[in-house]
Amino acid sequence: MPEGPELHLASLYVNKMCEGVVFSGPVVKSEVSKSPDVSFNCESYRITASSRGKEVKLTLTPIKSDDDGKRRSKVTQTDQPMDIVFRFGMSGYFRFTSEDEVPKHGHLRFYTKEKPCRVLSFVDARRFGSWQPNGTWQPDRGPCIMFEYKSFRSVIGLQLTIILKIDESRRFFPFCLRLNIPPFLCARDALEGLEAKMKGKTQGMGDLLRLCHTVPLEVVSLGGKGYDPEKVDYSAFQAWLQCYYVDGMKSVRDHNGRTMWFKGDPGPMAPKGKKTRESTRERKSSSAQPPGGKHLRKYQLI
DNA sequence: CGTCCACGTCTAC
DNA sequence: TAGACCTGGACGG
């Protein structure tokens, strides 16, 4: 998603930082952004956030005030709430800072009413992210694996035949390690192996799907205790990682160029002619962080 | 300096 | 199913 947990943590971050904070004035877009202008301009408003899967929604809620009428004559005031739906691309995140600490690549900015003011910024170095003013959750996206687990299960149930036909267990590779499944089994073998292990017809799939749900929640619980991208303590997350850049783990790049991490046998569908690499902690010791950086951007699940 | 990598959509062949 | 869209950090010579 970037990773469902990140998006959810971003919404927690916004709610935490913006609780009780009053914002004011126009919403400002950077020069270079190609995302739409946000025509919202309000003397006093609040910001709250929620997440669903790979999207975050900000809700701007005007606060009624006595001097409303006066102001209205100068600038067109927005008096209705507005939802803005964000997708994070590869590098999006929110930061709440003083005005002179607004991060480079802060492409959409919300200013507080106080002096000196502070700024909530949507930061996105690569600009693969986007936002939609007056947006709604994108209707054709799959359910959220963290908070719409039931419908996620039923959707997967409906698509299981297709998954068995065309896919490999690597679709679920983040969870294979936990279940002791080689990542490059074909899906049928993976599921049959699980079923044999679990002795229930749907049990194997159920277990896999449950991990799709619970593993991201584990990440959220790690980050939930004071999520601030700058101050976050990496060690907890690092210790939690079981695979990604962990000593002794192997990785292969699949045909899409995506790196898969695993241990032991890669399985029969492993890409041929590709080198399997073994992680040594030396690369990491210099940076003490997985690539992807300071912002806990890339949660590699497992 | 230059090359590789991060893996999220969206569009065109 | 490539390729495009982008930046920047790690690493190599």
Side-chain angles (χ1 to χ4, degrees), chain A residues 1-11 29-36 51-57 85-95 102-108 121-132 135-146 162 165-168 170-176 183-184 212 215-216 219 229-230 234 237-238 241 243-246 249-262 271 274-302:
Chain A
M1 318 185 208
E3 326 281 7
E6 288 178 276
L7 283 276
H8 181 62
L9 287 170
S11 73
K29 188 179 81 168
S30 74
E31 290 289 316
V32 292
S33 174
K34 292 172 187 162
S35 282
S51 76
R52 175 183 183 268
K54 284 197 224 183
E55 298 182 312
V56 168
K57 178 160 69 187
V85 174
F86 291 79
R87 275 167 292 162
F88 280 21
M90 299 277 282
S91 54
Y93 62 96
F94 283 103
R95 295 297 311 283
V102 165
K104 197 178 175 186
H105 307 300
H107 294 303
L108 195 67
S121 306
F122 176 66
V123 188
D124 183 12
R126 298 179 70 178
R127 273 181 273 146
F128 294 171
S130 61
W131 60 80
Q132 199 56 59
T136 56
W137 299 133
Q138 215 173 258
D140 50 351
R141 297 190 80 95
C144 177
I145 53 174
M146 292 194 293
I162 301 166
K165 199 175 266 181
I166 62 165
D167 214 2
E168 302 156 24
R170 68 186 166 71
R171 169 166 287 199
F172 299 98
F173 96 93
F175 315 108
C176 288
F184 291 98
C212 296
V215 169
V219 177
E230 283 298 276
Y234 240 97
F237 182 64
Q238 199 113 85
L241 286 172
C243 215
Y244 186 75
Y245 267 79
V246 167
M249 289 297 171
K250 296 175 192 164
S251 62
V252 198
R253 310 201 70 207
D254 73 3
H255 57 82
N256 287 317
R258 176 158 190 193
T259 303
M260 329 268 306
W261 292 84
F262 60 97
K274 305 249 179 179
K275 285 235 166 73
T276 299
R277 296 186 313 186
E278 192 151 333
S279 173
T280 64
R281 225 170 245 275
E282 286 140 46
R283 319 171 56 114
K284 209 176 58 177
S285 58
S286 56
S287 66
Q289 289 178 357
K294 310 167 193 163
H295 304 298
L296 265 186
R297 270 293 310 150
K298 294 295 151 245
Y299 288 120
Q300 294 295 323
L301 303 183
I302 302 245

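A note on names: the letters A, B, ... follow the listed sequences, proteins ahead of strands, and every chain is numbered from 1.
- Separation of atoms CZ (A/F94) and CG (A/D124) is listed at 10.0 Å; rounding is to 0.5 Å.
- Note on ring orientation: taking the six-membered ring where Trp is involved, the planes of A/F122 and A/F86 are tilted (angle from 30° to 60°).
- With hydrogens and angles ignored, the 3.5 Å screen pairs a side-chain donor or acceptor of A/E55 with a backbone N or O of A/Q138.
- In this model, the phosphate group of B/dG8 is not approached by any side-chain N or O of A/R127 to a distance below 4.0 Å at OP1 or OP2.
- Look at A/F128 and the base of C/dC6; the rings do not stack under the cut-offs of 5.5 Å between centres and 30° between planes.
- Atom C1' of nucleotide B/dA6 and atom OH of A/Y93 are separated by 15 Å, given to the nearest angstrom.
- Distance CG (A/D140) to P (B/dT9): 11 Å, rounded to an integer number of Å.
- With both ends at atom P, the span from B/dA12 to C/dC6 equals 15 Å, rounded to whole Å.
- With rounding to whole Å, A/F86 atom CZ is found 16 Å from B/dT9 atom P.
- Secondary-structure annotation of DNA chain B gives the stems B:1-6 with C:7-12, B:8-12 with C:1-5, with a stem taken as at least 3 successive Watson-Crick or G-U pairs whose two distances both fall under 3.5 Å.
- With sequence neighbours excluded, the residues satisfying side-chain hydrogen bond (donor to acceptor under 3.5 Å, both in side chains) with A/H107 are A/S30.
- Every residue was checked against the side-chain hydrogen bond (donor to acceptor under 3.5 Å, both in side chains) condition with A/S121, not counting sequence neighbours, and none meets it.
- Between A/R258 and B/dG8 there is no side-chain polar atom (N or O) within less than 4.0 angstrom of OP1 or OP2.
- Every residue meeting the salt bridge (charged side-chain N to carboxylate O under 4.0 Å, His left out) condition with A/R52, not counting sequence neighbours, appears here in chain and number order: A/E148.
- For A/R126, taking side-chain heavy atoms from C-beta onward, the closest of the listed nucleotides B/dA6, B/dC10, C/dG8 is B/dA6.
- The nucleotide whose nearest atom lies closest to any side-chain atom of A/A125 is, among B/dC5, B/dC10, C/dT7, C/dT7.
- Rounded to whole angstrom, the span from the NZ atom of A/K34 across to the C1' atom of B/dT11 amounts to 14 Å.
- Among residues two or more places apart in sequence or in another chain, the salt bridge (charged side-chain N to carboxylate O under 4.0 Å, His left out) test is passed with A/K29 by A/D37.
- Residue A/K104 places at least one side-chain N or O under 4.0 Å from the OP1 or OP2 atom of C/dG8.
- Residues passing the side-chain contact (heavy atoms from CB on, under 4.5 Å) test with A/K250 are A/F262, A/T276, A/E278, sequence neighbours excluded.
- Dashed line: the shortest gap from a side-chain N or O of A/H105 to OP1 or OP2 of C/dC6 is not under 4.0 Å.
- Look at A/T259 and you'll find a side-chain N or O under 4.0 angstrom from OP1 or OP2 of B/dA6.
- The side chain of A/K54 lies closest to B/dG8, out of B/dC10, B/dG8, C/dC5.
- Rounded to a whole Å, the CG atom of A/L7 is 9 Å from the P atom of B/dT9.
- Distance from the side chain of A/M90 is smallest to B/dA6 among B/dT9, C/dT7, B/dA6.
- You'll find that the side chain of A/R253 is closest to B/dC5, out of B/dT9, C/dC6, B/dC5.
- Rounded to whole Å, the separation between the P atoms of B/dT9 and C/dG9 comes to 23 Å.
- Summarising the geometry, the separation between CG on A/D254 and P on C/dA2 is reported as 11 Å, rounded to the nearest angstrom.
- Only the P atoms considered, B/dC13 is 13 Å distant from C/dC5, to the nearest whole Å.
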